[in-house]
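First comes the structure, then the notes that go with it.
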Amino acid sequence: MNLRPLGDRVVIKKIEAEETTKSGIVLPGSAKEKPQMAEVIAVGPGGYVDGKEVKMEVKVGDKVIFSKYAGNEVKIDGVEYTILRQDDILAIVEE
Amino acid sequence: MNLRPLGDRVVIKKIEAEETTKSGIVLPGSAKEKPQMAEVIAVGPGGYVDGKEVKMEVKVGDKVIFSKYAGNEVKIDGVEYTILRQDDILAIVEE
Amino acid sequence: MNLRPLGDRVVIKKIEAEETTKSGIVLPGSAKEKPQMAEVIAVGPGGYVDGKEVKMEVKVGDKVIFSKYAGNEVKIDGVEYTILRQDDILAIVEE
Amino acid sequence: MNLRPLGDRVVIKKIEAEETTKSGIVLPGSAKEKPQMAEVIAVGPGGYVDGKEVKMEVKVGDKVIFSKYAGNEVKIDGVEYTILRQDDILAIVEE
Amino acid sequence: MNLRPLGDRVVIKKIEAEETTKSGIVLPGSAKEKPQMAEVIAVGPGGYVDGKEVKMEVKVGDKVIFSKYAGNEVKIDGVEYTILRQDDILAIVEE
Amino acid sequence: MNLRPLGDRVVIKKIEAEETTKSGIVLPGSAKEKPQMAEVIAVGPGGYVDGKEVKMEVKVGDKVIFSKYAGNEVKIDGVEYTILRQDDILAIVEE
Amino acid sequence: MNLRPLGDRVVIKKIEAEETTKSGIVLPGSAKEKPQMAEVIAVGPGGYVDGKEVKMEVKVGDKVIFSKYAGNEVKIDGVEYTILRQDDILAIVEE
């Protein structure tokens, strides 16, 4: 992996809605305007972001729920990633 | 339960409007744009959120009134949950 | 009463416009977009709300004037209450 | 007078545009979107309002110029008052 | 002069566009959406305004350039004044 | 020059797009919504502006790139100047 | 290079979408509303920007992903550059 996010940003890779996680969460593909599940691929250093201290709470490999329309998408080696702020991550899915 | 909310976020499960709580609160199903009642399922750690200290005041099992359109909905094992910020919770219903 | 408001929120019960208070204030029922009078039913703990210190200045039983469209309405045991932030209360009516 | 404004709020009573003050200020009744003159009826305690210190600079009896559309109107014993924040008062008219 | 502005507010009197100042500045009467020149008539005390320290940098008699649509207009003894915040004054014209 | 900008404001004079600077920058006259080049004519004192410390980084004579629609225009002795905040200056052009 | 960005601004030069970086990232030319890749050409000093401390995390030569519509474009010696705030840079591409 070769994207190093800045500040409080996080790189995630969406998990297809059809996939079923160990914990049994299923997000149907037709769901609209609902948060999605993703895997954390890279985590920014946090620190002082916009003058406010941000401590990173997610780590690489975490499964997370995030706001569907948050962040920016970028394609790397044919794979789509999303770069968003940690604050757009709603929860960590524990298995 | 396997969702661990970040920061000041809280996972709640709506209580159907037709249900009657011990305290006798009834929120009619046809009510529009009114707050709803829910049970707290998981509570984030609070701490410094967006540079401001947030102390969590709700705990798992609390019955709460929240702004109907606040937060994001997510389906887990076929059950709908809402993930919102504690600030979108208006009051705790005491029984 | 079994609603415990969070932070700087206050639960109030509107006083019908047709009612006349001891202090002689009358708010005609046809008045539009004007503040209304209400009685304070429950008061949140205040403290640090959104990172700013809020000291509660109203207490249960106070008659208050508030912005008509502020807050959220909720029905408890058939009675309508409004949950709003203390900052949406304009003044206390002293008798 | 029986309205006790909260925080940095001030209760004022508009002075009719046709009135002429000792200082000779006349605000024609047809003036639109212009500030108006009023007399201060009650003054909030100030203190920390929305996390910022506010020191009250006006006192009961002051004649003030204020933004016409600022604040909320309320009728007490048949008389219309306006409740606004001190920051919506532009200047004190000295006689 | 009998207007005492509050906080960081300043009372100014517009200088007609046709006037020529000693420094030779001419602001044509037909200019639209451009700043205008005015004379400072009264200056507020500054201090903590909206929780931020404001030090007054203009004084009575200063010629200033200000944003044309800033502030509120008020007529005193038949003369139009503008009450605006010091921050809406762009520059002092030195002669 | 007789304009003394307040706070973090800067007076600049646009350099015509047709001009070629020593460093070879050319900004075509037909360019739309693009930043422009200008010369710094006067610099405010900085200090605490809107409660935040601003240190002036530009000096009289600097060639700067600025956001085309930032600031206010004012005509002095027939010459058009722009008064803007330092934050609307994007970069200094070094020769 | 002769642009010295102010504060937390950064000068970047877009890398054409058709280019393939060593790390194999390809951003197709037809991509819309997606972040783009660029090379950092000049970096501002950071420091206190708008009253908040900003520490620069990118350096000249870095390959970065940035929000496509962020910043201002400027043409220097026939080459197009973009001047944006560091906060509009999403991630550094490591090779």
Side-chain angles (χ1 to χ4, degrees), chain D residues 7-10 12 14-15 17-40 43-44 46-59 61-71 84-95, chain E residues 1-16 32-33 36 38-62 64 66-90:
Chain D
D8 62 340
R9 287 200 171 86
V10 176
I12 59 176
K14 289 180 189 171
I15 296 172
E18 293 75 22
E19 289 184 42
T20 300
T21 70
K22 284 184 201 164
S23 57
I25 294 182
V26 179
L27 292 166
S30 62
K32 280 176 183 165
E33 308 199 32
K34 296 206 168 167
Q36 295 196 348
M37 205 160 96
E39 187 180 342
V40 174
V43 179
Y48 283 87
V49 175
D50 196 28
K52 301 166 189 160
E53 194 187 356
V54 176
K55 216 169 71 183
M56 302 312 285
E57 297 180 63
V58 297
K59 59 179 192 304
D62 277 354
K63 300 275 187 303
V64 297
I65 303 286
F66 69 102
S67 296
K68 191 177 179 179
Y69 296 117
L84 40 53
R85 297 182 179 280
Q86 179 177 264
D87 192 52
D88 289 319
I89 296 180
L90 307 174
I92 298 175
V93 182
E94 300 191 319
E95 310 190 46
Chain E
M1 174 59 206
N2 31 30
L3 275 189
R4 181 156 58 86
L6 291 184
D8 61 341
R9 286 199 171 85
V10 176
V11 179
I12 59 176
K13 182 176 166 297
K14 289 182 190 171
I15 295 172
E16 288 309 312
K32 281 176 182 165
E33 308 200 31
Q36 294 196 349
E39 186 180 343
V40 174
I41 302 298
V43 179
Y48 284 87
V49 174
D50 197 28
K52 301 166 191 161
E53 194 187 356
V54 176
K55 217 170 69 183
M56 302 311 286
E57 298 180 63
V58 298
K59 58 179 194 303
V60 174
D62 278 352
V64 297
F66 69 102
S67 296
K68 191 177 179 178
Y69 296 117
N72 293 277
E73 299 186 348
V74 58
K75 213 169 202 169
I76 301 180
D77 299 332
V79 185
E80 278 232 337
Y81 296 94
T82 298
I83 306 177
L84 39 54
R85 298 183 179 280
Q86 179 177 264
D87 192 54
D88 289 318
I89 296 180
L90 307 175

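Below, chains carry the letters A, B, ... as their sequence lines are ordered, and counting in each starts from 1.
Pairing each heavy atom of E:P5 with each of D:A91, the nearest pair is CA-CB, 3.7 Å.
A heavy-atom distance below 4.5 Å is found between the side chains of D:D87 and E:R9. Taking 4.5 Å as the limit, some side-chain heavy atom of E:L3 sits within range of a side-chain heavy atom of D:V93.
Residue contact with chain E, scored on non-hydrogen atoms closer than 4.5 Å, is absent for D:V64.
Separating the CZ atom in E:R85 from the CG atom in D:L90 is a distance of 8.5 Å, to the nearest 0.5 Å. The line from CG of E:N72 to CZ of D:F66 is 11.0 Å long, rounded to the nearest 0.5 Å. Taken from CD1 in D:I89 to CG in E:L6, the straight-line distance is 6.5 Å, to the nearest 0.5 Å.
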